[in-house]
Amino acid sequence: MTQSRFESIGAYLPSAVLSTKDLLAKLAAPPSFDLQAITGVVDRRVYDSSADNYEDSFTLACNAARDALSRSSYEAGDLDVIISTSISRSKDRDFMYLEPSFASMLGKELGVKGAIHFDLSNACAGMLSGVYVLDRMIRSGAVRNGMVVSGEHITPISETAVREISEKYDLQFASLSVGDSGAAVIMDRSVDDADKIDYIELMTASEYSDLCMGMPSDQSPGIALYTDNRKMHNESRFLLWTNAQREFLAARGQTFADEEFDFVIHHQFGASAVVYMNALGEKEFGTPMPPALNVVEKYGNTSSTSHFIVLHDHLKDKAVPKGSKILMVPAASGIVTGYVSATITSLEV
């Protein structure tokens, strides 16, 4: 059976660093809770706003794509497909593009010729949704390889929040946890069981479509929602992941413990949120969860790029040994969740 793998990975983070302390100092009305303690975000990267080096979504995505290509065995012209999954689609500073597609413009800039190209947006699960589609395309034989790329120029929502928040509790506080970034991953056919995407499944639960994934609240520290039944919604939405993966594995005659994951990467929407999700996973699967890889304290919530920013950062630090089996768990407004199992051997930074 044909399977895919992560062939190379790229990332780009702006050089400018903005601390949560400095960001909150700009507010007219500081929050009635400790935003840094709840989210775990100490710093985030912020785009260059200078006239000569302005970093919009397109710039961030291009830089990440070039980084991935720099360590790939493929040239840009070798790619069969390019999938752009950005939520933000700013180019030429602050112009937002729907057509032509970001993927086609990125492909042209990178020198991709004759490839399939399309955009796919699925909130913070965007890159993993792109990986899902590309995995299926490779498995079916429709393409040999391709790139999933995203550039998230999203700290302007923090700038807006700072200007508009006038109360000690405001729905825009979630906007203060974001950071700018770009990420890209090139995928091709696996030729080794020690280097492959074992499986990937995603799902959307529209009954939770009104919920924000990262809204801080002094009434429910850690993971917070702006609904009256916070506790019920918190647990039930994450049970979508554990129930689905447990059923998937049971159909294969396996348990979560049998998978022997080395690491788990959750969406980086809050440090305490990751602790909560791991505790829930341990309870539901009946076995300890693998160590969680995180970068939220350094980069904040980078939206659709977050899983690959985490992976790139830890690969760069040589913290992910060859042959590691990694579980990625998306969590996006919508609500989108799921699970990705990938064994990584050749991927390097």
Side-chain angles (χ1 to χ4, degrees), residues 5-14 17 39-45 60-61 63-65 67-68 71 85-87 122-132 148-152 154 177-187 197 200 202 213-214 223 241 261-278 281 289-332 336-345 347-349:
R5 66 162 182 161
F6 294 131
E7 191 266 347
S8 68
I9 188 171
Y12 178 76
L13 293 154
V17 178
T39 64
V41 181
V42 178
D43 295 309
R44 77 274 294 130
R45 298 298 180 91
L60 298 171
N63 287 340
D67 187 44
R71 58 181 63 92
T85 64
S86 303
I87 297 174
N122 198 10
C124 291
M127 277 198 75
L128 289 182
S129 297
V131 168
Y132 175 90
V148 179
V149 57
S150 178
E152 295 293 14
I154 50 180
S177 66
V178 302
D180 297 322
S181 67
V185 62
I186 293 174
M187 297 166 56
I197 295 178
I200 172 172
L202 300 178
M213 294 303 299
I223 300 180
W241 152 50
F261 289 109
D262 295 295
F263 302 102
V264 60
I265 303 176
H266 291 286
H267 176 48
Q268 303 289 285
F269 60 103
S272 53
V274 171
V275 173
Y276 177 93
M277 291 175 72
N278 272 348
M289 292 293 291
L293 301 180
N294 298 307
V295 295
V296 66
E297 72 283 354
K298 296 193 292 184
Y299 307 133
N301 179 354
T302 61
S303 188
S304 68
T305 69
S306 69
H307 291 83
F308 292 98
I309 291 294
V310 172
L311 183 56
H312 183 277
D313 208 64
H314 285 80
L315 284 168
K316 182 179 65 177
D317 291 341
K318 311 300 180 186
V320 179
K322 291 181 182 297
S324 293
K325 190 173 184 180
I326 297 174
L327 172 66
M328 297 182 179
V329 181
V336 183
T337 186
Y339 43 91
V340 183
S341 171
T343 304
I344 293 171
T345 295
L347 202 62
E348 294 182 343
V349 172

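This chain uses plain numbering: 1 for the first residue, then up along the sequence. What's counted below: heavy atoms across the whole structure, side chains too, no hydrogens, waters or symmetry copies.
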What I'd like to find out is whether the side chain of [X] reaches to under 4.5 Å of the side chain of [Y], using heavy atoms alone.
X: Ser304; Y: Cys124; result: no
X: Met328; Y: Tyr339; result: no
X: Lys298; Y: Leu13; result: no
X: Met277; Y: Val264; result: no

**OP:** Compute whether any side-chain donor of one residue and acceptor of the other, for Thr302 and Gln268, lie under 3.5 angstrom apart.
**Re:** no
Original post:
Between the side chains of Ser177 and Thr39, does any donor sit under 3.5 Å from an acceptor?
Top reply: no
So, the side chain of [X] versus the backbone of [Y]: is there a donor-acceptor pair under 3.5 Å, distance only?
X: Ser86; Y: Gly151; answer: yes
X: Asp262; Y: Lys325; answer: yes
X: His267; Y: Val329; answer: no
X: Ser8; Y: Ala68; answer: yes
X: His312; Y: Phe308; answer: no
X: Arg71; Y: Ile9; answer: yes
X: Arg45; Y: Pro14; answer: yes

Nearest 0.5 Å, please: how far is [atom2] in [Y] from [atom1] in [X]?
X: Leu60; Y: Thr305; atom1: CG; atom2: OG1; answer: 9.0 Å
X: Thr343; Y: Phe6; atom1: OG1; atom2: CZ; answer: 10.5 Å
X: Tyr132; Y: Ile200; atom1: OH; atom2: CD1; answer: 8.0 Å
X: Ile186; Y: Leu347; atom1: CD1; atom2: CG; answer: 10.5 Å
X: Ile326; Y: Leu311; atom1: CD1; atom2: CG; answer: 5.0 Å
X: Asn294; Y: Ser306; atom1: CG; atom2: OG; answer: 10.0 Å

Original post:
Ile154 and Asp180: side-chain contact (heavy atoms from CB on, under 4.5 Å), yes or no, with the steps?
Top reply: CA-CA 6 Å; Ile154 50 180; Asp180 297 322; 3.8 Å; yes
Original post:
Is there a side-chain contact (heavy atoms from CB on, under 4.5 Å) between Leu128 and Val336 once you walk through the steps?
Top reply: CA-CA 10 Å; Leu128 289 182; Val336 183; over 6 Å; no
Determine the minimum heavy-atom distance between [X] and [Y], stating which atoms define it.
X: Val274; Y: Ala292; value: CG1-CB, 3.9 Å
X: Gly179; Y: Arg44; value: CA-CB, 3.9 Å
X: Gly130; Y: Thr85; value: CA-CG2, 4.0 Å
X: Gly338; Y: Trp241; value: O-CD1, 3.4 Å
X: Pro290; Y: Phe261; value: CB-O, 3.5 Å
X: Met127; Y: Ser150; value: CG-CB, 3.7 Å

Subject >> Step-by-step side-chain contact (heavy atoms from CB on, under 4.5 Å) determination, Ile265 to His314 >> reply: CA-CA 11 Å; Ile265 303 176; His314 285 80; over 6 Å; no
Original post:
Per the side chain to side chain donor-acceptor pair (under 3.5 Å) rule, which among Lys322, Lys318, Lys316 passes with Glu348?
Top reply: Lys322
Original post:
Are Leu202 and Ser129 close enough, and set up right, to give a side-chain contact (heavy atoms from CB on, under 4.5 Å), and what steps lead you there?
Top reply: CA-CA 7 Å; Leu202 300 178; Ser129 297; 3.6 Å; yes
